[in-house]
Colleague: 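Take a look at this one; I'll ask things after.
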Amino acid sequence: MEQQLFIYNTLSKTKEVFTPITPGFVGLYVCGPTVYGHAHLGHSRPAITFDLVFRYLKHIGYKVRYVRNITDVGHLVADADEGEDKIGKKAKLDKLEPMEVVQTYTNSYRHDMEKLNVLKPSIEPTATGHIIEQIEIVKKVLAKGYGYESNGSIYFDVAKYNEDYKYGKLSGRKLEDLLSNTRILDGQDEKHSSADFAIWKKAQPEHIMRWPSPWSDGFPGWHTECIAMSTKYLGERFDIHGGGMDLLFPHHEAEVAQSCATLGHESVNYWMHNNMVTIDGQKMGKSLGNFITLDQFFKGEHPLLQQAYSPMIIRFFMLQAHYRSTLDFSNEALQAAQKGMERLFKSIEVLDSLSASTESTVDIASLKAKCYDAMNDDFNSPIVIANLFDGVRIINSLNDGNEKINAADLVELKKLYYDFVFDILGLQDEQAAEGNNEVLSDVVDLLLNLRMEAKANKDWAMSDKIRNELTAFGFEIKDKKDGFDWELKK
RNA sequence: GGUCUCUUGGCCGAGCGGCUAGGCACUGGUCUGCAAAACCAGCUACUCCGGUUCGAAUCCGGAAGAGACCUCCA
């Protein structure tokens, strides 16, 4: 591809031309889930967003190393039971080993991702597998003078750091504002300042997940794992770091700080952030308890769901909005996505059956160019989809004989749809995958042939009887000029 | 309270100075024994008030409403 790819960089708040550090190669890191619960619709947003990025970068010829972590330790519980992390808390409640909790939800997450046709990352590291690396980072922070020990825990000294670097450059915050706007008093006197964050936390006696360190038996802080894993697998400088907007502050800001503090420079060239999925205009999230899990969507088992929504409907729904816009959940929107997607897939079936003419009356080249332009403009999948729908009209017109296409264009058109629909957008035809039983197919054909005979004899009663009964079983009958077509609706 | 973002037709969602995406729904037409499907056509919106401009949904200022972050969160 000759064209340039533009990516919106949160660091500069502008779209920038993408230039990889090493020509032909891309290092991509994305913050993965904390595995203490089943994945909900919100979790699928970054997964699908960066799956699109991963797929497109590969499509245009890059070799991509995609690292997406599993957070299986280190996040404190919200309601301030000091020193207890989420995984540990959940483990006690369920009377399970912490690693059993981790395994359960990791499996569940991977299962959901597979259903959504999200490609597996190149490396999927876990925080617990990188305790040593995190301890090394803590040591470096201390050695450089940007951290301090307090009662066995180590904190990052934001004020000290801010003297040498600018804290807040990613999220656009100022340290003074942060300090003057702390809402609740901290309760813990260990920190010198409320803006400081823990990079190593001493474990309380009852705390199960713990590791030895030079300072205490404990566990790594919240923001250290990503920088440990990203630099380990992608290097001290790498191309793209992605994640949800809600991680921008403090999580990503703290990553930038730790990079600068330990390496003397930033690690990430392009920061990408996907927006939130909302429900009734509010962020769908664990803390608000207003989430619907992916599995509930797939099965339709939730009071707010009017029906089941297959993984591909969810995926298509997400891709119909740009990743930097909020996306509001509703049954109506999901149902509209479903119908649109069905139309798209139907046209691909039609496309496969088209035959070429000697001339073309359709402009495939410009359609193709529009699709690539959209992707190159910060991965604008809704525009791609809009163009594909323009193509649907073209395909149907070709099928109806209102337009003509030559052999070369037909090959191009097919390639365009296969590339974009299956490869880049990562959609799959679920209807087809369900397996059209051949015998069933023959039987339906037999019945419809009988109906054709009835029609020829103007026996409308018999004709309608066959059609209506097939319809009742869930078949859709489409009459054509000289025959018929049918499909089994779900 | 602080920082930031958003407000588009019946619904969902692009666009980000002129040529007014797309999907769903709806209406009319073509085709058809009728219907469905498909195609063609229609429905033409940018929260409000000022300003800049030959020209603004798009830029600037203000108001109202909503949201995100400031605390674990994708």
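All chains are named by letter (A, B, ...) in the order of the sequence lines, taking the proteins before the strands, and each is independently numbered beginning at 1.
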Colleague: Closest approach to the side chain of A:Phe249, judged atom by atom: which nucleotide of B:rC69, B:rA74, B:rA25 is it?
Modeller: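 The answer is B:rC69.
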Colleague: Taking the six-membered ring for Trp, are A:His130 and A:Tyr233 ring centroids under 6.0 Å apart?
Modeller: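 Yes - the distance between ring centres of A:His130 and A:Tyr233 falls below the 6.0 Å cut-off.
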Colleague: In whole angstroms, how far is the C1' atom of B:rA68 from the CD atom of A:Gln282?
Modeller: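 After rounding, the gap between these two atoms is 11 Å.
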Colleague: Can you list everything that forms a salt bridge (charged side-chain N to carboxylate O under 4.0 Å, His left out) with A:Asp377? Sequence neighbours excluded, please.
Modeller: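 If we apply the salt bridge (charged side-chain N to carboxylate O under 4.0 Å, His left out) test to A:Asp377, skipping adjacent residues, the hits are A:Lys15.
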Colleague: Is the aromatic ring centre of A:Phe389 closer than 5.5 Å to the centre of the six-membered base ring of B:rG23, with the two planes inclined by less than 30°?
Modeller: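 Stacking between A:Phe389 and B:rG23: absent.
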Colleague: Using salt bridge (charged side-chain N to carboxylate O under 4.0 Å, His left out) as the criterion, list what pairs up with A:Asp239, not counting sequence neighbours.
Modeller: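 Partners of A:Asp239 under the salt bridge (charged side-chain N to carboxylate O under 4.0 Å, His left out) test: none.
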Colleague: Any idea which of B:rC70, B:rC39, B:rC34 is nearest the A:Asp464 side chain?
Modeller: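 Between B:rC70, B:rC39, B:rC34, the one nearest the side chain of A:Asp464 would be B:rC34.
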Colleague: Strictly below 4.0 Å: does A:Ser171 bring a side-chain N or O up to OP1 or OP2 of B:rC70?
Modeller: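 No, because none of the side-chain N or O atoms of A:Ser171 sits under 4.0 Å from OP1 or OP2 of B:rC70.
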Colleague: Using only side-chain N and O atoms of A:Asn396, determine if any of them is under 4.0 Å from OP1 or OP2 of B:rC39.
Modeller: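 Answer is yes, contact under 4.0 Å.
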Colleague: B:rA36 P sits how many Å from A:Leu448 CG, rounded?
Modeller: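 It works out to 18 Å between those atoms.
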Colleague: Any base atoms under 4.0 Å from A:Val277, or only sugar-phosphate, or nothing? Heavy atoms, all strands.
Modeller: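 Base: the residue A:Val277, judged by heavy atoms under 4.0 Å, touches a nucleobase.
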Colleague: Can you tell me which nucleotide in B:rC39, B:rA74, B:rC70 comes closest to the side chain of A:Leu178?
Modeller: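 Taking heavy atoms from C-beta onward, the closest nucleotide is B:rC70.
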Colleague: Indicate, with a heavy-atom threshold strictly under 4.0 Å, whether A:Arg393 touches base, sugar-phosphate, or nothing.
Modeller: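 Result for A:Arg393 = sugar-phosphate.
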Colleague: Once side chain to side chain donor-acceptor pair (under 3.5 Å) is applied, do any residues pair with A:Lys455, and if so which ones, sequence neighbours excluded?
Modeller: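 Per chain and number, A:Lys455 pairs via side chain to side chain donor-acceptor pair (under 3.5 Å) with A:Asp479.
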Colleague: Is any side-chain nitrogen or oxygen of A:Lys286 closer than 4.0 Å to OP1 or OP2 of B:rA74?
Modeller: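 No, outside the criterion.
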Colleague: Please confirm whether the shortest side-chain N or O distance from A:Arg343 to OP1 or OP2 of B:rA25 is below 4.0 Å.
Modeller: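 No, no such contact exists.
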Colleague: Among all residues two or more places apart in sequence or in another chain, which pass the side chain to side chain contact (heavy atoms under 4.5 Å, CB included) test with A:Asn402?
Modeller: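 A:Asn402 satisfies side chain to side chain contact (heavy atoms under 4.5 Å, CB included) with A:Ser397, A:Asp400 only.
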Colleague: A:Leu175 CG to B:rG2 C1': how many Å, rounded?
Modeller: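 About 14 Å, once rounded to whole Å.
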Colleague: Give one of base, sugar-phosphate or nothing for A:Leu247, where a contact means two heavy atoms less than 4.0 Å apart.
Modeller: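 Result for A:Leu247 = sugar-phosphate.
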Colleague: Does any N or O donor sit under 3.5 Å from an N or O acceptor when you compare the side chain of A:Asp390 with the base of B:rA21?
Modeller: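 Side chain to base: no pair present.
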Colleague: Name the nucleic acid region contacted by A:Gly42, choosing base, sugar-phosphate or nothing; use a 4.0 angstrom heavy-atom cut-off, strictly under.
Modeller: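 Answer is base: heavy atoms of A:Gly42 come under 4.0 Å of a base.
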Colleague: Please verify the inter-ring angle class for A:Tyr161 with A:Tyr167; under 30° counts as parallel, over 60° as perpendicular, anything in between as tilted.
Modeller: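 It falls in the perpendicular class, over 60°.
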Colleague: Think A:Arg173 has a side-chain N or O under 4.0 angstrom from the OP1 or OP2 of B:rG2?
Modeller: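 No, A:Arg173 has no side-chain N/O under 4.0 Å of OP1/OP2 on B:rG2.
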Colleague: Counting side-chain heavy atoms from C-beta on, which of B:rA74, B:rG33, B:rC24 comes nearest to A:Lys339?
Modeller: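 Comparing B:rA74, B:rG33, B:rC24 against the side chain of A:Lys339, the answer is B:rC24.
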Colleague: Using ring centroids (six-membered ring only for Trp), state whether A:His223 and A:Phe197 fall under 6.0 Å.
Modeller: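 Distance test on ring centres: under 6.0 Å, yes.
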Colleague: Tell me whether the rings of A:Tyr323 and A:Phe50 are parallel (<30°), tilted (30 to 60°) or perpendicular (>60°).
Modeller: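 The arrangement is tilted - the two ring planes meet at 30° to 60°.
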Colleague: Measure the acute angle between the ring planes of A:His273 and A:His252, then classify it against the limits of 30° and 60° as parallel, tilted or perpendicular.
Modeller: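 Because their plane-to-plane angle lies in the 30° to 60° range, the rings of A:His273 and A:His252 count as tilted.
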Colleague: State the dot-bracket string of RNA chain B. Criteria: Watson-Crick or G-U wobble, both atom distances under 3.5 angstrom; notation: ( ) intrastrand, [ ] crossing earlier pairs, | interstrand, . unpaired.
Modeller: ((((((((.[[[)....(...]]].(((((.......)))))....[[[[[..)....]]]]])))))))....
Colleague: Between atom CH2 in A:Trp271 and atom C1' in B:rA74, what is the gap in whole Å?
Modeller: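 A:Trp271 atom CH2 is separated from B:rA74 atom C1' by 14 Å.
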Colleague: Quick one: do the A:Thr49 and A:Asp51 side chains pair a donor with an acceptor below 3.5 Å?
Modeller: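 No, no side-chain donor-acceptor pair sits under 3.5 Å.
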Colleague: Give one of base, sugar-phosphate or nothing for A:Lys283, where a contact means two heavy atoms less than 4.0 Å apart.
Modeller: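 A:Lys283: base contact, heavy atoms under 4.0 Å.
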Colleague: Which letter, B, S or -, goes with each nucleotide of nucleotides 7-15 of chain B from 5' to 3', with contact meaning a protein heavy atom under 4.0 Å?
Modeller: -----SSSS
Colleague: Could you give the CG-to-P distance, from A:Asp479 to B:rC34, as a whole number of Å?
Modeller: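 For the pair A:Asp479 CG and B:rC34 P, the rounded distance is 11 Å.
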Colleague: What is the nucleic acid contact for A:Met245, judged by heavy atoms within less than 4.0 Å: base, sugar-phosphate only, or nothing?
Modeller: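 Touches nothing.
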Colleague: Does A:Arg467 get its side chain close enough to the base of B:rA36, under 3.5 Å, for a donor-acceptor pair?
Modeller: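 Checked by distance alone, the answer is no.
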Colleague: Is there a donor in the side chain of A:Asp72 and an acceptor in the side chain of A:Tyr105, or the other way round, less than 3.5 Å apart?
Modeller: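 No pair is found: no donor N or O on one side chain lies under 3.5 Å from an acceptor on the other.
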